[in-house]
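This one's a predicted model, so the numbers in the text were calculated from it and none came from an experiment.
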Amino acid sequence: MFLKKEKLIIEVLILIFIAIYSYLINWHSGNIGIIPIDSFGFLDTGYSIIKGHLPIRDFWIFTGLLVDYMEAAFLYLFGNNWNSHLAHSSFMNIVATAGLYFFLREYGLKLSYIFFYCLSFATLCYPLSGTPFAYMHAFIFSLLAIFNLLIAIKKKIISYGFYFPLYVCLPFFPCKHPQCIF
């Protein structure tokens with residue numbers, strides 16, 4: 001479906017605003033306070049991965065591997081600091097909100113409703129924890145899987161079904177015991 005140029009510009013501007021809002025609201029929430037048990041766990045494991053240590057073999061991880069390696073990527077790109085840590089969770093808030101935007105757009109909601117729902121969702125999604133948290137990642141990837149499944153059913157496109165296992169398995173990529181090897 002091709003959009004008129006004016007409508008495309010409006011949608012791109014709305015999507016950019018939603019992404020900026022999603023990032024900043026989570027950034028603000030992550031800087032309000034700290035719960036050391038939850039907030040520094042992934043910062044430490046991400047730093048250990050950057051230093052060449054392997055999870056499970058060299059150190060204990062308390063969730064799956066996904067969040068730890070994502071944290072390592074953010075620390076590698078932006079430096080080992082609190083801002084990189086918050087950039088990780090803020091990025092995931094953008095991913096979740098953008099997924100909701102495209103899902104609602106696929107179902108033909110008015111742009112004003114989509115805008116309102118996305119801003120509301122961005123305010124309530126990742127800012128609940130503010131910092132990277134495995135359960136929030138699992139929630140976001142599971143939600144994307146459901147969106148993907150519903151669009152596949154609506155459009156009757158079987159190829160979308162091939163992405164469903166990826167979305168479903170990605171958040172639950174656990175390895176909670178040292179004996180576990182993928």
Participant: Indicate the atoms forming the closest heavy-atom contact of Ala87 with Tyr23, along with that distance.
Facilitator: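 The pair with the smallest heavy-atom distance is CB-OH, 3.4 Å.
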
Participant: Kindly compute the distance separating CH2 (Trp27) from CD1 (Ile32), expressed to the nearest 0.5 Å.
Facilitator: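 Between Trp27 CH2 and Ile32 CD1, I get 14.0 Å after rounding to 0.5 Å.
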
Participant: Step through the shown structure and confirm whether more than 12 heavy atoms of other residues, nucleotides or ligands are within 6.0 Å of OH on Tyr107.
Facilitator: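 Atom OH in Tyr107 is packed in, count exceeds 12.
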
Participant: Does Ser84 reach the main-chain N or O of Phe78 with its side chain, forming a donor-acceptor pair under 3.5 Å?
Facilitator: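 Judged by distance alone, yes, a pair lies under 3.5 Å.
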
Participant: Looking just at side-chain N and O atoms, do Tyr21 and Thr123 make a donor-acceptor pair shorter than 3.5 Å?
Facilitator: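 Yes, side-chain donor-acceptor contact under 3.5 Å.
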
Participant: Taking the six-membered ring for Trp, are His137 and Tyr126 closer than 6.0 Å centroid to centroid?
Facilitator: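 His137 vs Tyr126: aromatic centres under 6.0 Å.
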
Participant: Determine the minimum heavy-atom distance between Cys118 and Ile18, stating which atoms define it.
Facilitator: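 Here Cys118 and Ile18 meet closest at CB-CD1, 3.7 Å.
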
Participant: Quick one: do Phe121 and Leu104 satisfy side chain to side chain contact (heavy atoms under 4.5 Å, CB included)? Show the steps, please.
Facilitator: CA-CA 12 Å; Phe121 181 79; Leu104 294 176; over 6 Å; no

Participant: Would you name the heavy atoms of Lys154 and Glu106 that are closest together and state the gap between them?
Facilitator: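 Taking Lys154 first and Glu106 second, the nearest heavy atoms are NZ-O, 3.2 Å.
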
Participant: Taking atom types as modelled, is there a side-chain donor on Asn93 or Ser90 under 3.5 Å from an acceptor on the other?
Facilitator: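 Not at all, the side chains of Asn93 and Ser90 share no donor-acceptor pair under 3.5 Å.
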
Participant: Please report the shortest heavy-atom distance between Tyr117 and Leu100, naming the atom on each side.
Facilitator: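 It is O-CD2, 3.9 Å.
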
Participant: Would you name the heavy atoms of Ala72 and Ile50 that are closest together and state the gap between them?
Facilitator: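 In terms of heavy atoms, the two residues are closest at O-CD1, 3.5 Å.
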
Participant: With a 6.0 Å cut-off (strictly less than), is the heavy-atom count around CZ of Phe91, excluding the residue itself, greater than 12?
Facilitator: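 Atom CZ in Phe91 is not crowded, with 12 or fewer foreign heavy atoms closer than 6.0 Å.
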
Participant: Specify the closest pair of heavy atoms between Thr97 and Ser22, including all atoms of both residues, with the distance to one decimal.
Facilitator: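 So the minimum-distance heavy-atom pair works out to OG1-OG, 3.3 Å.
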
Participant: Does Phe17 have its ring centroid less than 6.0 Å away from the ring centroid of Phe115?
Facilitator: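 Ring-ring flag for Phe17/Phe115: true, centres closer than 6.0 Å.
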
